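To start, the structure under review is shown below, and the notes come after it.
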Amino acid sequence: MTIKVTFPDGAARDYARGTTGTTVVEGISKSLAKKTVAMRWNGVLSDLSDALEADGKIEFVTRDSGSADVLELIRHDTAHVLAEAVQELWPTTQVTIGPVIENGFYYDFKRDEPFSEDDFPAIEKKMAEIIDRGAAFTKEIWSRDQAKAFFNTRGENFKVELVDAIPADQSLKMYKQGQWIDLCRGPHMRTVKDIGNAFKLTKVAGAYWRGDSNNPVLSRIYGTAFATKEELDAYLHMIAEAEKRDHRKIGQEMDLYHFQPEAQGSVFWHPKGYVLYNQMETYIRRRLNSSGYVEVKTPQLMSSKFWEASGHWGKYRENMFVVPDEVPGTEEEGPVLSGKGELMALKPMNCPAHIQIFNQGIKSYRDLPLRMAEFGCCHRNEAHGALHGLMRVRQMTQDDAHIFCREDQIQSETEHFVHLLYSVYAHMGFSDVVIKLATRPEKFGGTIERWDAAEKALGDALRATGYDFEIAEGEGAFYAPKLEFHLKDAIGRSWQVGTLQLDYVLPERLDATYVAEDGSRKYAVMLHRAILGSLERFIGMMIESYAGKMPMWLAPVQVVVATIVSEADETAEKLVRQLRSAGIRAELDARNEKINYKVREHSVGKVPLMFVVGKREAEEGTVSVRRLGTEGQKVVPFMDALVELMAEATPPDLKAKAA
RNA sequence: GCUGCCGUAGCUCAGUGGUAGAGCACCCCCUUGGUAAGGGGGAGGCCGACAGUUCAAUCCUGUCCGGCAGCACCA
């Protein structure tokens with residue numbers, strides 16, 4: 001009985017059925033066999049030692065190919081070796097799972113005494129030893145009972161749970177490397193030696209068993225591995241460089257904002273940071289105005305009764321700041337609060353308030369769509385461990401808006417929004433946007449028909465815009481599907497910024513109706529949408545993406561006029577006045593310091609432009625223009641420099657109009 | 001909130017069971033210097049908070065607060 005094996009170049013050969021990939025590659029060439037660590041059999045990444053049972057296509061995965069397959073295999077194998085090393089060092093440790101992730105791998109352990117990074121050298125040394133021993137990976141298919149009995153006797157309770165979780169129609173694969181054995185779906189390389197020496201443990205952290213906070217916390221060790229030491233070093237260097245762009249670091253260096261414990265998670269915007277903030281807000285306001293939005297402002301503090309009606313009191317209260325509506329006691333002794341005051345809450349969202357405005361008067365179908373925007377300052381009592389610089393705060397300002405529309409307007413409004421959002425992101429310098437369509441969760445409100453229609457409307461709208469998107473299965477809100485727009489920070493963490501959420505529920509709860517063409521009352525459909533998400537987070541993303549070197553229109557200080565000699569002070573002062581009256585954010589540096597010193601300081605401070613004035617320039621009416629990030633300078637008439645700067649400082653949306 | 005690590009001057013960081021140090025920044029003086037740190041001097045700290053151990057705690061222990069990484073949650 002023979003089978004036909006087809007090679008990537010299209011050639012085919014016959015082999016006895018049951019021939020292994022190893023035999024096939026060894027039959028081709030010794031040198032190819034030497035570097036082949038796995039294969040793709042009919043497109044599926046597989047153990048090289050797998051027997052080939054039918055006709056198919058084979059591709060060999062060589063260790064030096066630099067392919068994603070090789071990285072995946074190396075990292076997966078390294079995770080196994082990590083687990084073996086840990087159990088060899090601390091035999092009572094239970095192993096759980098150890099998957100490959102972006103840029104590396106991790107392995108979750110259960111150990112009474114959690115790991116610390118101080119354990120890394122010992123673990124890494126043991127891993128090197130294991131790799132050196134060079135055990136082969138071998139695969140065995142076990143029965144469910146056999147596997148459970150095996151793990152039970154070893155006290156591996158988590159593995160027993162995993163065995164139970166594997167669907168009955170799937171076979172259980174056990175991979176052995178020397179004496180160590182693990183339940184694993186594979187595949188693996190030939191031997192642990194194929195891993196090489198380019199691996200490193202990077203961090204430890206707690207993680208819940210199966211990602212559920214009701215479960216025990218496991219100790220997770222993260223690591224990474226590459227095919228070569230050079231690639232590992234390059235990766236570590238890249239991460240170190242990226243960390244320099246951390247907005248928390250740059251925010252301090254550039255004196256943009258700060259946090260302090262008395263207002264945990266709330267930003268103190270410094271003058272320079274607030275320039276940035278205001279520029280962003282003004283820009284968005286212009287974009288919304290010209291896109292048919294109206295702007296409103298709603299109360300910060302509203303009665304709990306109001307939040308009961310909206311449903312937030314029941315579902316969202318643990319994230320709300322609640323404030324009693326009473327005069328606090330002022331006696332030295334005695335309680336500040338009686339506990340009897342009616343409760344109010346700081347708004348965590350703007351939507352219910354916008355419905356109150358919508359509900360004033362009677363709306364006609366002619367009024368729809370009504371696009372109501374607010375720079376809404378919201379407070380959310382976020383878990384302390386979730387706070388993260390500007391990215392995750394407790395007080396934030398959303399560039400929020402609610403579009404009240406008819407069902408048949410959902411798709412066109414969504415398209416309109418997505419185009420606006422992409423135009424904004426392009427102006428902000430972001431092109432790498434990940435869109436997710438979050439679909440019906442397990443627990444949902446409303447009918448399946450309505451969900452299907454809503455998901456279809458959002459999907460169709462996205463397809464009409466031509467942007468790619470992923471489906472985030474089951475991650476929709478309770479009441480409707482949503483679109484999420486994600487960007488990545490300096491070290492590759494993904495943050496949701498923009499959003500569009502469909503909502504049928506709140507209009508019904510709060511009675512947001514309009515009079516339809518036929519005179520009947522109908523509930524409006526509500527689209528919650530934000531482009532930046534929150535100004536705080538988006539500014540954080542901007543700082544990281546530009547490494548603090550903001551484009552001219554956003555730069556807190558656009559130009560510093562610096563003198564070389566004190567004879568030029570008067571001229572420099574005059575230039576700063578002229579720049580400022582032209583709307584340029586200019587500062588004077590007439591300190592008694594050398595020009596080298598001033599150039600360095602403002603370069604470090606990421607000021608995009610310097611106008612240097614010495615004796616010569618002062619006499620000639622010129623400035624020596626130095627641009628951040630470039631060497632050298634050019635001397636030009638001041639008025640020319642001013643005109644050029646004004647053009648460059650024009651926000652991108654206004655620039656486009658002028659052109 | 002959970003797990004681990006961390007908390008010394010405005011910033012970056014040394015350091016010790018006997019109440020503290022550097023560089024930069026800040027202030028003063030000298031220097032007027034042509035594109036990434038000129039020189040000298042000075043001031044600056046309840047060593048995160050509170051307890052405990054000790055003759056003695058910034059250092060050891062505990063609790064709390066805050067920060068960092070990840071988890072969970074989320075814009």
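Every value quoted in this text rests on a predicted model; they were computed, and no experiment measured them. Each chain gets a letter, A, B and so on, in the order the sequences are listed, and its residues count up from 1.
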Atom pairs under 3.5 Å: protein N/O with N/O of nucleotides 62-66 of chain B:
{"from": "B:G66", "atom 1": "OP1", "to": "A:Gln264", "atom 2": "OE1", "distance (Å)": "2.8"}

**Message:** Below 30° counts as parallel, above 60° as perpendicular, anything between as tilted: where do the rings of A:Tyr425 and A:Tyr422 land?
**Reply:** tilted

**Request:** Identify, residue by residue, the members of residues 621-637 of chain A with a heavy atom below 4.0 Å from RNA chain B, and return them in order of residue number, or none.
**Result:** A:Ser624, A:Arg626, A:Gln633

**Message:** Between B:G15 and B:G21, how many Å separate the two P atoms, rounded to a whole number?
**Reply:** 15 Å

**Complete:** Checking B:U35, B:G4, B:G34 against the side chain of A:Asn596 (C-beta onward), the nearest is B:U35

**Request:** Go through B:G38, B:G4, B:A36 for me and flag the one nearest to the A:Glu593 side chain.
**Result:** B:G38

**Message:** Going by the rule side-chain hydrogen bond (donor to acceptor under 3.5 Å, both in side chains), which residues pair with A:Asp112 if we only count those two or more places apart in sequence or in a different chain?
**Reply:** none

**Request:** Record whether the side chain of A:Ser566 comes under 3.5 Å of the base of B:U32 through a donor-acceptor pair of N or O atoms.
**Result:** yes

**Message:** Take N1-N3 plus N6-O4 or O6-N4 for Watson-Crick, N1-O2 plus O6-N3 for G-U, both under 3.5 Å. Which runs of 3 or more such pairs involve RNA chain B?
**Reply:** B:1-7 with B:65-71, B:10-13 with B:21-24, B:26-30 with B:38-42, B:48-52 with B:60-64

**Prompt:** Among A:His354, A:Gln501, A:His402, which residue meets the side chain to side chain donor-acceptor pair (under 3.5 Å) test with A:His528?
**Reply:** A:His402

**Asked** If the C1' atom of B:G66 is compared with that of B:A49, how far apart are they to the nearest Å?
**Response** 10 Å

**Message:** Would you say that more than 12 heavy atoms from the other residues, nucleotides or ligands in this model lie under 6.0 Å from the NZ of A:Lys549, or not?
**Reply:** no

**Request:** Mark yes when over 12 heavy atoms from residues, nucleotides or ligands other than A:Asp432 sit less than 6.0 Å from its CG; otherwise mark no.
**Result:** no

**Message:** What residues from residues 94-111 of chain A pass a heavy-atom cutoff of under 4.0 Å to RNA chain B?
**Reply:** none

**Message:** Taking any heavy-atom pair under 4.0 Å as a contact, classify A:Glu617: base, sugar-phosphate, or nothing.
**Reply:** base

**Asked** Would you say the side-chain atoms of A:Ser423 and A:Arg287 include a donor-acceptor pair closer than 3.5 Å?
**Response** yes

**Prompt:** Just by distance, with hydrogens left out, do A:Thr397 and A:Tyr277 show a side-chain donor and acceptor under 3.5 Å apart?
**Reply:** yes

**Prompt:** What is the nucleic acid contact for A:Lys598, judged by heavy atoms within less than 4.0 Å: base, sugar-phosphate only, or nothing?
**Reply:** nothing

**Message:** Return a single string for nucleotides 68-75 of chain B, one symbol per nucleotide in 5' to 3' order, where B is base contact, S is sugar-phosphate-only contact and - is none, cutoff 4.0 angstrom on heavy atoms.
**Reply:** SSBBBBBB

